[in-house]
Amino acid sequence: MRNGLHINTFTGIHFYPLDPKITEIKTEDIAHALSLICRANGHCSHFYSVAQHSLNCAEEAKIRDYSTRVQLGCLLHDASEAYISDITRPVKKELKSYLKLEDNLQKVIYQAYSLENLTVQELEAIKEIDDAMLYYEMENLLNANIGNSKQHVRKHDLSYRAMHEVKVEFISHIENHYKTLINQ
């Protein structure tokens, strides 16, 4: 018996968030869900998806000349949200059980894409880019200056984009980065 109840994913998988299996991680499920989840808990000036955020993070990693591993890590850094949603940072930091669940699920997702051995430096690079994009998005989508802005290499596309278009681009990027990674 698997631990906990399951969710039904877009591709029809019975996914157990409390007992995730690598074989149940599907790129299409991640892309579909993340392209429909709005950043900033929906408080943006317009719909801007977690998938768009992840694509911009990967682009930032590429501009900074980071490895394919870091670029793929940037694409997948919020992938757990496809299965357990997200909670705003001020609340999330108080939910130790959630953080443990999220960390476990994220590790399984990274394993599914051969990123189980990301180094501390690679994980820090992914977090740095994620934080930099957060500040950039807050300034441009919420007109909020939260201070401590991170440096950006260039401006990123924060425009409204159709869910299907973002989903297709996300899948393509995952497949291309993963193929490059396993062929290295």
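Just so we're clear, the structure is a prediction, and the values are computed from it rather than from any experiment.
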Report the C-alpha distance between Arg64 and Glu128 in whole Å, list the side-chain angles of each, state the deciding distance to 0.1 Å, and finish with yes or no for salt bridge (Lys or Arg N to Asp or Glu O under 4.0 Å).
CA-CA 12 Å; Arg64 294 182 185 194; Glu128 177 187 318; 2.7 Å; yes

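- By the 6.0 Å contact criterion, NZ on Lys92 is enclosed, its count of non-hydrogen atoms from other residues, nucleotides or ligands being greater than 12.
- For the pair Asn8/Phe15, no side-chain contact is recorded, criterion being any heavy-atom separation below 4.5 Å from C-beta on.
- The OG atom of Ser85 sits 5.5 Å away from the CD1 atom of Ile37 when rounded to the nearest 0.5 Å.
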Can Asn117 and Arg69 be said to form a side chain to side chain contact (heavy atoms under 4.5 Å, CB included), step by step?
CA-CA 10 Å; Asn117 60 350; Arg69 289 168 48 85; 3.2 Å; yes

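- Ring orientation note: the planes of Phe47 and Tyr160 are nearly perpendicular, at an angle over 60° on the 30°/60° scale.
- Hydrophobic clustering of Ile, Leu, Val, Met, Phe, Trp and Tyr side chains at less than 4.5 Å, counting indirect connections, unites Ile109 with Leu123.
- Distance alone, capped at 3.5 Å, is enough to place a donor-acceptor pair between the Gln106 side chain and the Leu76 backbone.
- Using a 4.5 Å cut-off between side-chain heavy atoms of Ile, Leu, Val, Met, Phe, Trp and Tyr, with links allowed through other members, Tyr98 and Val91 fall into the same hydrophobic cluster.
- With a 4.5 Å cut-off on side-chain heavy atoms, His177 and Leu181 do not count as touching.
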Applying side chain to side chain contact (heavy atoms under 4.5 Å, CB included), run through Leu36 and Ser49 and close with a yes or a no.
CA-CA 6 Å; Leu36 288 171; Ser49 73; over 6 Å; no

Start with the C-alpha gap between Leu5 and Tyr16, add the side-chain angles, then the distance that decides, and say whether side chain to side chain contact (heavy atoms under 4.5 Å, CB included) holds.
CA-CA 6 Å; Leu5 298 175; Tyr16 293 78; over 6 Å; no

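- Between Ala125 and Val70, the closest heavy-atom pair is CB-CG1, 4.2 Å.
- Considering every non-hydrogen atom in both Pro20 and Leu105, the closest pair reads CB-CD1, 3.7 Å.
- Taking the six-membered ring for Trp and thresholds of 30 and 60 degrees, His6 and His14 have nearly parallel ring planes, at less than 30 degrees apart.
- A donor-acceptor pair under 3.5 Å is absent between the side-chain atoms of Glu137 and the main chain of Leu158, judged by distance alone.
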Pair Leu141, Arg39 - check side chain to side chain contact (heavy atoms under 4.5 Å, CB included), show working.
CA-CA 10 Å; Leu141 294 173; Arg39 287 280 288 165; 5.8 Å; no

After noting the C-alpha distance and the side-chain angles of Tyr178 and Thr68, does the key distance pass the side-chain hydrogen bond (donor to acceptor under 3.5 Å, both in side chains) rule?
CA-CA 8 Å; Tyr178 183 67; Thr68 300; over 6 Å; no

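- By the 4.5 Å heavy-atom criterion applied to side chains, Ile30 and Tyr113 are counted as neighbours.
- When atom types are taken as modelled, the side chain of Asp86 and the backbone of Glu81 share no donor-acceptor pair closer than 3.5 angstrom.
- In this structure, Gln184 and Thr180 approach most closely via the heavy-atom pair CG-O, 3.0 Å.
- Using a 4.5 Å cut-off on side-chain heavy atoms (C-beta onward), Glu169 and Leu55 make contact.
- Using a 4.5 Å cut-off on side-chain heavy atoms (C-beta onward), Glu59 and Gln71 make no contact.
- Between Ala40 and Leu142, the closest heavy-atom pair is CB-CD1, 3.9 Å.
- For the atom pair CD1 (Ile129) and NZ (Lys62), the distance works out to 13.5 Å, reported to the nearest 0.5 Å.
- Linking ILVMFWY residues whenever their side-chain heavy atoms come closer than 4.5 Å, directly or via other members, leaves Leu18 and Leu99 in distinct clusters.
- Atom-to-atom distance recorded for Leu115:CG and Leu72:CG is 4.5 Å, nearest 0.5 angstrom.
- With rounding to the nearest 0.5 angstrom, the OH atom of Tyr83 is 7.5 Å from the CD1 atom of Ile7.
- Looking at Asp130 and Arg89, a side-chain N of the basic residue comes within less than 4.0 Å of a carboxylate O on the acidic one, giving a salt bridge.
- Counting heavy atoms from C-beta on, the side chains of Gln52 and Arg161 come closer than 4.5 Å.
- Counting heavy atoms from C-beta outward, Tyr110 and His77 have side chains that approach closer than 4.5 Å.
- Glu60 CD to Ile126 CD1: the interatomic distance, rounded to the nearest 0.5 Å, is 13.5 Å.
- Distance alone, capped at 3.5 Å, is enough to place a donor-acceptor pair between the Asn183 side chain and the Lys179 backbone.
- Around atom NE2 of His46, more than 12 heavy atoms belonging to other residues, nucleotides or ligands sit under 6.0 Å away.
- Note on ring orientation: taking the six-membered ring where Trp is involved, the planes of Tyr136 and His156 are perpendicular (angle over 60°, cut-offs 30° and 60°).
- Using a distance-only test at 3.5 Å, with no hydrogens or angles considered, no donor-acceptor pair links the side chain of Glu175 to the main chain of Ser172.
- Under a 3.5 Å cut-off, the side chain of His53 and the backbone N or O of Val50 do not form any donor-acceptor pair.
- Phe10 and Ile13 sit in two unconnected hydrophobic clusters of ILVMFWY residues. Membership requires side-chain heavy atoms under 4.5 Å apart, directly or through other members.
- In terms of modelled atom types and a separation under 3.5 Å, the side chain of His173 and the main chain of Ser54 share no donor-acceptor contact.
- Atom SG of Cys44 and atom CE of Met138 lie 9.0 Å apart (nearest 0.5 Å).
- By the criterion of side-chain heavy atoms lying less than 4.5 angstrom apart, applied directly or through intervening Ile, Leu, Val, Met, Phe, Trp or Tyr residues, Leu75 is grouped together with Ile84 in one hydrophobic cluster.
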